[in-house]
Structures are given as structure tokens and as C-alpha cells.
Asks: 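Structure incoming, see below.
Keep in mind that this is a model prediction, so the values were computed, not measured.
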Amino acid sequence: MVKIMELILKVDGQGRTVLPKKVRQALGIDGGTELVCRVVGNKIVLEKFSRDSIRKAFGELEELAPSLDLDVEEFEGEDKYFDREYALRKIGLRGDR
């Protein structure tokens, strides 16, 4: 069963708001917890950041990718930003992170 919690939050002049204690407790958020912020239409979605959930999502995407009709950009020369392994290391899915 999904629990629904609805609260009204105020945003200060610098664009900040505070997650109420009830919300932090319900989600196990404490100081230093990283959140992912996503804008979906006119909604803001905050989720606890999890490397495991990102790895799972990328794994599912890699399984789907062969069936997708993707646009391919051709480029000349070497550019580390187009290197797949470099990109995966930067987002924490490979290497020493």
C-alpha cells in the first residue's frame, strides 16, 4: 500500500525550501543524503539518490538499446566525452568510485 503525504511548503526569496521532518523520516533522509530532482510537466519529483537504482536503470536501457531506432552522430578525432567508458566512470558506474 502506498502512503500518501500531502504538505504545503513555502519557498524563500532565494528559492529554498525545507523538507519537513515527517517527510525526511518517512524516506530515511538525513543530513548529507543526496537527492535526484526531476521536473515532470508542472511537477517536481525528488528521489533519494541510489547508485544501485541508476545501475539497474542503465542495465535495462542497455538491454533495450539494440531494439531502439537511435540517431547516430558521426564525429572525427578523439573526444573523451564521447567515450562510453569515460562517461560511465563520470556517473559512477565504472572504475574506482
Asks: Do the side chains of Met5 and Ile29 join up, straight or via other hydrophobic residues, at under 4.5 Å, putting them in one cluster?
Replies: yes

Asks: Between the main-chain N or O of Leu27 and the side-chain N or O of Lys48, is there a donor-acceptor pair closer than 3.5 Å?
Replies: yes

Asks: Do Val18 and Arg24 touch side chain to side chain, with heavy atoms closer than 4.5 Å?
Replies: yes

Asks: Taking atom CD1 as the centre, does Ile44 end up with more than 12 heavy-atom neighbours from other residues, nucleotides or ligands that are less than 6.0 angstrom away?
Replies: no

Asks: Is there any side chain to side chain donor-acceptor pair (under 3.5 Å) pair reaching into residues 33-45, and which pairs are they, with sequence neighbours excluded?
Replies: Asp30-Thr33, Arg38-Glu47

Asks: Does Leu46 reach the side chain of Val36, with side-chain heavy atoms less than 4.5 Å apart?
Replies: no

Asks: Taking the side chain as every heavy atom from C-beta outward, state whether Val45 and Cys37 have any atom pair closer than 4.5 Å.
Replies: no

Asks: Sort and list the pairs that fulfil side chain to side chain donor-acceptor pair (under 3.5 Å) and have at least one residue in residues 11-20, not counting sequence neighbours.
Replies: Asp12-Arg16, Gln14-Arg16

Asks: Linking I/L/V/M/F/W/Y whenever their side-chain heavy atoms sit closer than 4.5 Å, directly or via other members, would Phe49 and Val39 fall into one cluster?
Replies: no

Asks: Any link between Leu19 and Val11 through a network of hydrophobic side chains (Ile, Leu, Val, Met, Phe, Trp, Tyr) touching at under 4.5 Å?
Replies: no

